[in-house]
Number of protein chains: 2
Amino acid sequence: MKLSVRGEYALRAMQLLAERYGGPVVSIQTLSDEQNIPKRFLEQILNDLKSSGLVESRRGMAGGYRLALAPAEIPLARIIRYIDGALSPVSCVSERFYEKCSCPDETRCALRSVMKEVRDTVAQMMEKTTLVDLIARAQKLRSVPMGPMDFVI
Amino acid sequence: MKLSVRGEYALRAMQLLAERYGGPVVSIQTLSDEQNIPKRFLEQILNDLKSSGLVESRRGMAGGYRLALAPAEIPLARIIRYIDGALSPVSCVSERFYEKCSCPDETRCALRSVMKEVRDTVAQMMEKTTLVDLIARAQKLRSVPMGPMDFVI
DNA sequence: TAATAAACGATCAAATTGATCAAGTATTTC
DNA sequence: GAAATACTTGATCAATTTGATCGTTTATTA
């Protein structure tokens, strides 16, 4: 039921790019440093994200990456689907990555019907959460943890 | 976000064992045939399930496996957790399989907070669905597809 | 009692995928 | 043209999935 490490890194990189949206491009080095992601691996992932049209890059000195779309237009589902594939726990309930299951009768598989509900729920959550929502959450998290005690000492 | 093949097979085998609950033990051969699961692989999986206390076995001729607990007492979550591990999309939000994430500040990670909600939702669904529910669903699925036309020639 | 069907246990192997590293090439800015 | 950076390709290492072999143990049945 887990995201691949690749997918997790992609989400974290995109989250950072979303925070810097509007500013200058962010280098792999910076992304790698700030998010603790192995640089070489991140390189590949960003390349994939570029092919998907979610980010664009600039070469040479002061080069780097930035979002190709506004954060509000990028739901988490889109990133995950591109990097990791299906959101479904089993591929026989996937809408976009459907594969026939080896079970005897898919149409009457009880397990399948449960998994379909899980898929739909997860897909809906990932679809409605965009990078903008992440930014908003991050802001809240920055203020809340210490609470009103922020100003003590 | 997918279950491993191992986990999927485990669920399907358990589903069949639940349907036969109360009857005689079911052999690996039967399970393998009826559910289209590679026999050798299934052998390993059933072994794991046995160590977990979810199934028990009987040796010798007419030997096989059966549930060690009533179907109502076995939620899908328990099977998945034992075979596949965490239900969470990322391990830094897992309750039972927690692992520290490589991100700079877990407590203020927006992605984490989203993933936590996904985890909680999925966990709740898998926790409340037991093998009895699968049986009930299977019954519905057996009757519904054809509908009231069942008796037409 | 002997034959048989099954679980159990231990490996090995091959194919695939996932995660990572290494090294060189191309492009832009200074 | 030097330096910093993205880009490309290929190598490596580990885990997963599946298949194969071989033997041991247990219980039924003829």
Side-chain angles (χ1 to χ4, degrees), chain A residues 1-13 17 24-52 54-68 80 82-86 90-91 97 99 101-102, chain B residues 1-13 17 20 24-33 35-52 54-68 80 83-86 89-91 97 99 101-102:
Chain A
M1 296 292 298
K2 273 208 299 192
L3 227 50
S4 73
V5 176
R6 196 186 186 78
E8 195 188 316
Y9 288 167
L11 287 173
R12 274 162 54 191
L17 289 182
V25 295
V26 185
S27 75
I28 295 184
Q29 192 61 58
T30 306
L31 285 165
S32 161
D33 287 348
E34 298 207 11
Q35 282 291 326
N36 266 311
I37 301 173
K39 195 181 158 188
R40 304 289 177 176
F41 197 24
L42 181 57
E43 232 168 291
Q44 288 175 22
I45 296 168
L46 286 169
N47 224 322
D48 287 351
L49 289 171
K50 193 185 167 189
S51 325
S52 82
L54 288 175
V55 305
E56 44 192 34
S57 66
R58 210 186 127 176
R59 285 187 169 203
M61 229 172 147
Y65 291 87
R66 72 169 154 235
L67 295 188
I80 297 174
Y82 197 85
I83 297 295
D84 254 26
V90 291
S91 37
F97 299 88
E99 280 173 61
C101 168
S102 67
Chain B
M1 297 289 299
K2 273 207 299 191
L3 226 50
S4 74
V5 177
R6 195 185 186 81
E8 193 188 319
Y9 288 167
L11 287 173
R12 275 162 55 192
L17 290 182
R20 308 283 177 92
V25 295
V26 185
S27 74
I28 294 184
Q29 191 63 57
T30 306
L31 285 165
S32 161
D33 287 349
Q35 283 288 328
N36 266 310
I37 301 172
K39 195 181 157 190
R40 302 289 176 178
F41 198 23
L42 182 56
E43 226 168 298
Q44 291 173 24
I45 296 168
L46 286 169
N47 223 320
D48 288 350
L49 290 171
K50 195 184 165 189
S51 325
S52 82
L54 288 174
V55 305
E56 44 192 33
S57 65
R58 206 186 130 174
R59 288 185 160 203
M61 227 175 149
Y65 291 86
R66 71 169 155 234
L67 296 186
I80 297 173
I83 298 295
D84 255 25
V90 290
S91 37
F97 298 89
E99 280 173 61
C101 168
S102 67

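Residue numbers start from 1 in every chain, and the chains themselves are labelled A, B, ... in the order their sequence lines are given, proteins ahead of strands.
- Atom CD in Glu8(B) sits about 17 Å away from atom P in dT16(D), given to the nearest Å.
- Here the C1' atom of nucleotide dT5(D) and the CZ atom of Arg66(A) are 15 Å apart, to the nearest Å.
- With sequence neighbours left out, Gln29(A) forms a side chain to side chain donor-acceptor pair (under 3.5 Å) with Asp33(A), Lys39(A).
- Judged by distance alone, the side chain of Arg12(B) and the main-chain N or O of Gln35(B) form a donor-acceptor pair under 3.5 Å.
- Every residue meeting the side chain to side chain donor-acceptor pair (under 3.5 Å) condition with Ser57(A), not counting sequence neighbours, appears here in chain and number order: Lys50(A).
- For dA5(C), the OP1/OP2 oxygens have no side-chain nitrogen or oxygen of Ser27(B) closer than 4.0 Å.
- Contacts of Ser91(A) classified as side chain to side chain donor-acceptor pair (under 3.5 Å), with partners at least two apart in sequence or in another chain: none.
- The interatomic distance linking Lys50(A) (NZ) with dC7(D) (C1') rounds to 8 Å, in whole Å.
- Put simply, CD on Glu56(A) is 14 Å from P on dA6(D), counting in whole angstrom units.
- Here dA7(C) presents its P atom at 11 Å from CG of Leu17(B), a figure rounded to the nearest Å.
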* Can you give one letter per nucleotide of nucleotides 17-30 of chain C, 5' to 3': B if a protein heavy atom sits under 4.0 Å from the base, S if only from the sugar-phosphate, - if neither? -> --SBBBB--BBBB-

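- Looking at heavy-atom distances under 4.0 Å, Leu46(A) makes no contact with the nucleic acid at all.
- Under the ring pair (Phe, Tyr, Trp, His ring centres under 6.0 Å) criterion, Phe41(B) pairs with Tyr9(B), not counting sequence neighbours.
- Remark: C1' of dT16(C) and CD of Glu99(A) are 14 Å apart, rounded to the nearest angstrom.
- Under the side chain to side chain donor-acceptor pair (under 3.5 Å) criterion, Glu56(A) pairs with Arg66(A), sequence neighbours left out.
- Going from atom CZ of Arg12(B) over to atom P of dT17(D) covers 14 Å, rounded to whole Å.
- In this structure, Asn47(B) atom CG and dA6(C) atom P are separated by 17 Å, rounded to whole Å.
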